[in-house]
Amino acid sequence: MTRNALHSRLAEEASSCTISGIDALSFQPGTLANEDRYRIEEWALPDGKWQILPIFDGHGAGIEAVEFVQTMLPFTIKNRLMAEVQKHQNAIITDSKIAESLIESIRQVDEHIQQGILSLFPSNTQLDDLLDDDIRSAILDPDSAEGNSRIEVLRAITGTTALVALIDPRRGIHLASLGDCDAVLGCESNLGWDATFLSSRHNCSNTEEVTRIQQEHPDEPECVDTTSKRVLGLIAVTRAMGDMLFKLPAFFASRVAPLSCPPIHPNYDVKGLAARNHTPPYISNTADIVHIPPPAVQSSLTTQRRLLILASDGLSNLFSPIEQLAEIGPRLCEAATSDVAANKAVNVLWDALTDVSGENLYASMVSGEYGSRVDDTTVIVCPL
């Protein structure tokens with residue numbers, strides 16, 4: 001198969017699209033369901049046009065949390081912004097208010113998931129008195145012919161990261177991040193592309209995050225397994241939405257999760273998690289916020305183009321471990337703009353699938369010769 005044919009097939013398999021000039025895709029070549037989600041929306045608010053570009057990387061062997069968040073979070077953010085615009089009589093919303101709207105919207109949606117499962121049970125003081133049959137009755141979806149658990153339970157025991165880029169009418173960027181997705185801002189000049197990683201990776205490879213959790217849970221050496229790099233020995237990310245087994249008392253991991261249906265993934269050691277869960281929460285729902293102001297007027301000799309590239313961690317997993325962020329950022333921007341006629345997100349993914357020898361791994365995926373699992377990979381490329 002020719003390079004062009006493979007490139008076209010990759011674009012189709014990744015369901016690439018262009019919405020309002022923004023290119024996107026989500027790719028999973030294996031037999032597993034893709035648990036990544038993304039949105040591209042434009043809002044005509046009284047103060048001008050806003051754009052929101054979130055990526056959500058679902059986990060926990062289920063899509064219930066990520067499906068809920070991808071619908072509810074943009075809606076919640078929009079409503080908060082509308083309220084701010086109306087409160088200030090259509091004046092420009094301050095950057096601090098935008099940051100507050102993002103943080104509180106994420107927290108509100110996450111707390112909705114939490115309240116959903118808590119509402120099925122009596123107060124915490126009575127939880128230990130419940131029999132297994134009481135729990136089964138509480139979590140059973142009465143409308144499920146298969147005997148599945150209520151959606152409130154499935155949302156709570158699954159989870160998702162969140163990377164939300166909000167672009168205001170003046171082209172300022174407001175970025176909210178939970179988890180380990182990446183945001184890259186590229187600025188082109190006559191000297192080439194300069195790229196900055198805007199987001200932090202909230203996972204157990206980040207020593208600042210590990211230290212934060214250890215300080216929040218003193219005298220609990222198992223709060224983070226520094227060998228496997230997992231919170232409570234089980235999950236790599238340190239901030240996320242959903243994942244209530246890490247945020248609620250051990251009862252939910254020890255008693256509720258084992259009785260949920262569909263059964264929890266066999267690799268998910270909920271008993272071990274429950275044994276290490278003493279002072280929840282261990283995973284945070286507080287987003288990091290980064291603000292990039294609108295660019296100043298540039299002369300023809302300085303900045304020419306700007307790109308915002310957002311990606312789930314599946315993209316970075318495709319790069320060689322020896323490649324540094326300082327090298328990857330400009331490479332992503334160069335790849336995105338390498339073929340002006342093609343979808344920029346497909347260009348990025350194609351480049352990431354090209355190994356150090358120049359061979360593109362997608363050819364071996366198509367032929368069935370590629371033996372490794374490929375993580376769900378979502379990419380959004382937004383010209384600014």
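Because the structure is predicted, anything quoted here is derived from the model rather than measured.
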Taking [X] for its side chain and [Y] for its backbone only, find out whether a donor-acceptor pair lies under 3.5 Å.
X: Ser316; Y: Asp313; result: yes
X: Lys344; Y: Thr337; result: no
X: Asn206; Y: Arg201; result: yes
X: Ser105; Y: Leu102; result: no
X: Ser20; Y: Ile22; result: no
X: Asp376; Y: Glu35; result: yes
X: Thr377; Y: Asp375; result: yes
X: Ser312; Y: Thr378; result: yes
X: Ser119; Y: Gly116; result: yes
X: Glu64; Y: Ala156; result: no

Would you name the heavy atoms of [X] and [Y] that are closest together and state the gap between them?
X: Asn148; Y: Leu140; answer: O-CD1, 3.7 Å
X: Arg276; Y: Asp269; answer: NH2-OD2, 4.1 Å
X: Gly329; Y: Ala195; answer: C-CB, 3.3 Å
X: Ile167; Y: Cys382; answer: CD1-SG, 3.8 Å
X: Arg306; Y: Cys187; answer: CG-SG, 4.2 Å
X: Ala336; Y: Ile309; answer: CB-CD1, 4.4 Å

In terms of side-chain heavy atoms, does [X] have a donor or acceptor partner in [Y] at a distance below 3.5 Å?
X: Asn360; Y: Thr354; value: yes
X: Ser26; Y: Asp36; value: no
X: Arg171; Y: Gln51; value: yes

Tell me whether [Y] is reachable from [X] by hopping between hydrophobic residues (I, L, V, M, F, W, Y) whose side-chain heavy atoms are closer than 4.5 Å.
X: Leu384; Y: Ile52; value: no
X: Ile40; Y: Val66; value: no
X: Val109; Y: Ile63; value: yes
X: Met241; Y: Ile151; value: no
X: Leu259; Y: Leu248; value: yes

Pairs flagged by ring pair (Phe, Tyr, Trp, His ring centres under 6.0 Å) wherever residues 260-279 is involved - sequence neighbours left out: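 Passing the test, one end in residues 260-279: no pairs.
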
For Glu100, is there an ion pair with Arg80 - N to carboxylate O distance below 4.0 angstrom?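 Here Arg80 does not pair with Glu100 in a salt bridge, since their nearest N and O are not under 4.0 Å apart.
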
Charged N-O contact under 4.0 Å between Arg107 and Asp110: no

Run Ile77 and Trp50 through side-chain contact (heavy atoms from CB on, under 4.5 Å) and show every step you take. CA-CA 11 Å; Ile77 293 170; Trp50 293 72; over 6 Å; no

One pair to check against salt bridge (charged side-chain N to carboxylate O under 4.0 Å, His left out): Asp128 and Arg255. What are the steps and the verdict? CA-CA 9 Å; Asp128 291 337; Arg255 302 285 309 282; 5.4 Å; no

Could you check if a side-chain atom of [X] sits within less than 4.5 angstrom of a side-chain atom of [Y], using non-hydrogen atoms only?
X: His7; Y: Tyr362; result: no
X: Leu45; Y: Ile93; result: no
X: Phe75; Y: Glu41; result: no
X: Asn277; Y: Phe246; result: no
X: Ile173; Y: Leu185; result: yes
X: His59; Y: Val237; result: yes
X: Glu13; Y: Pro29; result: yes
X: Pro46; Y: Met82; result: yes

Working note: Leu6 + Trp350, criterion side-chain contact (heavy atoms from CB on, under 4.5 Å); need CA distance, chi angles, decisive distance, verdict. CA-CA 9 Å; Leu6 276 172; Trp350 178 267; 3.8 Å; yes

Mind running salt bridge (charged side-chain N to carboxylate O under 4.0 Å, His left out) on Glu208 and Arg212 for me, showing each step along the way? CA-CA 6 Å; Glu208 291 183 2; Arg212 174 182 62 78; over 6 Å; no

What's the spacing between [X] [atom1] and [Y] [atom2] if we round to 0.5 Å?
X: Leu81; Y: Thr76; atom1: CG; atom2: OG1; result: 11.0 Å
X: Ile106; Y: Asn285; atom1: CD1; atom2: CG; result: 8.5 Å
X: Leu178; Y: Asp57; atom1: CG; atom2: CG; result: 12.5 Å
X: Leu318; Y: Phe27; atom1: CG; atom2: CZ; result: 8.0 Å
X: Ser367; Y: Met1; atom1: OG; atom2: CE; result: 9.5 Å
X: Met244; Y: Ile157; atom1: CE; atom2: CD1; result: 12.0 Å

side-chain contact (heavy atoms from CB on, under 4.5 Å) partner of Ser338, chosen from Asn347, Val348, Asp351: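 Passing option: Asn347.
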
With Leu53, the side-chain contact (heavy atoms from CB on, under 4.5 Å) member among Leu163, Leu175, Leu310: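 Per the side-chain contact (heavy atoms from CB on, under 4.5 Å) rule, the option paired with Leu53 is Leu310, out of Leu163, Leu175, Leu310.
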
How are the rings of His217 and Tyr282 set to each other: parallel, tilted or perpendicular (split at 30° and 60°)? parallel

A quick test of your reading: do over 12 heavy atoms of other residues, nucleotides or ligands sit less than 6.0 Å from CG of Asp129? yes

Is it the case that more than 12 heavy atoms not belonging to Glu12 sit under 6.0 Å from its CD atom? no

Determine, stepwise, if the pair Lys229 / Asn203 fulfils side-chain contact (heavy atoms from CB on, under 4.5 Å). CA-CA 8 Å; Lys229 297 185 178 180; Asn203 58 33; over 6 Å; no

Quick one: do Leu10 and Leu353 satisfy side-chain contact (heavy atoms from CB on, under 4.5 Å)? Show the steps, please. CA-CA 11 Å; Leu10 177 63; Leu353 288 168; 4.1 Å; yes

